[in-house]
Number of protein chains: 2
Amino acid sequence: MATFQLARVQKSGGLTTELVESLRAEILKGNFKTGDKLPSSKIIEQQSGVSRSVVREAIAQLKAEGLVDSKQGVGVFVTSKKNTQSFQITKAEFESIHNAIQILELRMSVEVEMGAMAAVKRSDDQMQNITNCMLNMENKISQGEDSIAEDFAFHKAIADASGNPYFRRFIDYIGSGVIPAREMITNYENGFGSDKLLAVIQEEHRQICRAIESQDSDLARASIKAHLGNSIKRHSQIEESFNINQEQ
Amino acid sequence: MATFQLARVQKSGGLTTELVESLRAEILKGNFKTGDKLPSSKIIEQQSGVSRSVVREAIAQLKAEGLVDSKQGVGVFVTSKKNTQSFQITKAEFESIHNAIQILELRMSVEVEMGAMAAVKRSDDQMQNITNCMLNMENKISQGEDSIAEDFAFHKAIADASGNPYFRRFIDYIGSGVIPAREMITNYENGFGSDKLLAVIQEEHRQICRAIESQDSDLARASIKAHLGNSIKRHSQIEESFNINQEQ
DNA sequence: TTATATAATATTGGTTAACTTTTAAAGAAC
DNA sequence: GTTCTTTAAAAGTTAACCAATATTATATAA
């Protein structure tokens, strides 16, 4: 059997949620391969230190995700088909900070090249659209209103300028999941200066704009990498502070 | 509150499954609208005649589907189930050369950063796996056999070494669509030296291997970019030659 | 010895009941 | 009217139990 080591779940967002994420991570990491039998409920109970109900609910969620299947009297098995029909990320994944960071890494890899392509291929109209989106966001911020949708629109405008519709489709998909998750972050960050943060983000946007406007693909790459890299850093800090709070 | 009438579930395929389907049907039928609060566990127990655990597991599954969300002390609410979208590329798209080029561009953007991360984060075991995949492909080629699956495995091994499961999921999805499309290309290229082409590809793979082995992320980026960039070039040439043939 | 029935065991499925934590709402105090 | 306190309702969690099912070991018969 595959070796495995579940983190002893701690209270934060519900035991079931924690266990779901822990198990899903193990499966996705490959510690349980397709067709493998998961440890029995009893063993998972002991390893994770939770009750049977929690384990059963966690398994129920993974079943609904199509990641595992169970047979009475036998065990729970990792599904074979996993993900060849579509690329899909569940809502719960978007809302977990740890997963959100990894999703951001994927998103960053796409947007970096997307921005470089936009710098090379953009039309004047597309450039105007990008600029407008940036200004829209600036207005919202100066009025103290929520600017998440405008931020999203800015990135979509760059996707359009890349001339490759698959970039746009990818951003559409990833972004729609990121939006609700981001509200959590924004709420968290209100504590230590959300205005200042928005000013930083806006300056990053301006730099991206300039790079694409001057058709400098290397600068576009660098500025988008910096922009999303900073976002990843902020998420990491939140994750760390959560861990510290838990250990108290 | 919305009116509802759950069928009294009977044993057939599992009580939980029955209840999940019953509740999902009610929601999809519109008997519970977006934002509505579902009846409490207790009431569902009574109406459907099952125990609390079954109700809770059913709710857990619906949560995983993104159809509902629960708040402790308040209730379970129907979500704006728009999140059931997914990133999907049809078979026809994969098989069109023009789209295949654009899909390759998306794939390249992901693999470039994925390779850079793999170079930094890889374990020795993961490196060994990458090397093995490369050697497997080499063997297949020298024996004159098809090596598409081994090529795919090589890229997946790098995805695993990146430590980010979303890279692996993305490559799994994109790659599974690319495989059938690639047969077409290979067949086409048989005309002007498939052996020579495979030797080139293999040399590119060796270079990627070396970059990740020496943990040089910049070199990894460059070598993967070259590798997939060349693939894009070949596709472009085929596209052009098709166009020329059509114009004749 | 080999084939088959039987019993023991392990595992998921399901029930029940009690307890904990969170939330919202109703009152009480100011 | 505002703020604090109490209280009830709801989801979250635990524990102990029984039922159904599949595997495995064991005993029995040919």
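Letters A, B, ... are given to chains in the order of the sequence lines, protein chains preceding strands, and every chain is numbered from 1.
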Any donor-acceptor N/O pair, B:Ser22 side chain to B:Glu18 backbone, under 3.5 Å:
no

May I ask you to evaluate whether B:Ser53 reaches the phosphate of C:dG13, defined as a side-chain N or O under 4.0 Å from OP1 or OP2?
no

Under a 4.0 Å threshold between the charged nitrogen and the carboxylate oxygen, would B:Glu57 count as salt-bridged to B:Lys63?
no

A:Arg206 and A:Glu138: salt bridge (Lys or Arg N to Asp or Glu O under 4.0 Å), yes or no, with the steps?
CA-CA 10 Å; A:Arg206 270 193 290 268; A:Glu138 204 146 303; 2.9 Å; yes

Which angle, rounded to 10°, do you find between the first-five-pair axis and the last-five-pair axis of the helix from C:dT1-D:dA30 to C:dC30-D:dG1?
10°

Is the shortest distance from a Lys or Arg side-chain nitrogen in A:Lys42 or A:Glu45 to a carboxylate oxygen in the other one below 4.0 Å?
no

Inspect the contact between B:Glu65 and B:Arg24 and indicate whether a charged nitrogen and a carboxylate oxygen are less than 4.0 angstrom apart.
yes

Atom-pair distance (CG on A:Leu19; P on D:dG12), nearest Å
15 Å

Are A:Val76 and A:Lys37 close enough that some pair of their side-chain heavy atoms sits under 4.5 Å apart?
no

Could you state the CD1-C1' distance from B:Ile44 to C:dT15, rounded to the nearest angstrom?
17 Å

Using whole Å, what does the distance between atom P of nucleotide D:dA15 and atom CD of A:Gln46 come to?
12 Å

Tabulate atom names and distances for all N/O pairs under 3.5 angstrom spanning the protein and nucleotides 7-11 of chain D.
{"residue": "D:dA11", "atom": "OP2", "partner": "B:Ser41", "partner atom": "N", "Å": "3.0"}
{"residue": "D:dA11", "atom": "OP2", "partner": "B:Ser41", "partner atom": "OG", "Å": "2.9"}
{"residue": "D:dA11", "atom": "O4'", "partner": "B:Gly73", "partner atom": "N", "Å": "3.4"}
{"residue": "D:dA11", "atom": "N7", "partner": "B:Arg52", "partner atom": "NH2", "Å": "3.4"}

Can A:Lys156 be said to sit on top of A:Phe152's aromatic six-ring, NZ or CZ under 6.0 Å from centre and within 45° of the ring axis?
yes

In whole angstrom, give the distance that lies between atom CG of A:Asp69 and atom P of D:dA22.
14 Å

Separation of B:Glu57 atom CD from D:dT13 atom C1', in whole Å?
14 Å

Are A:Pro39 and A:Gln47 close enough that some pair of their side-chain heavy atoms sits under 4.5 Å apart?
no

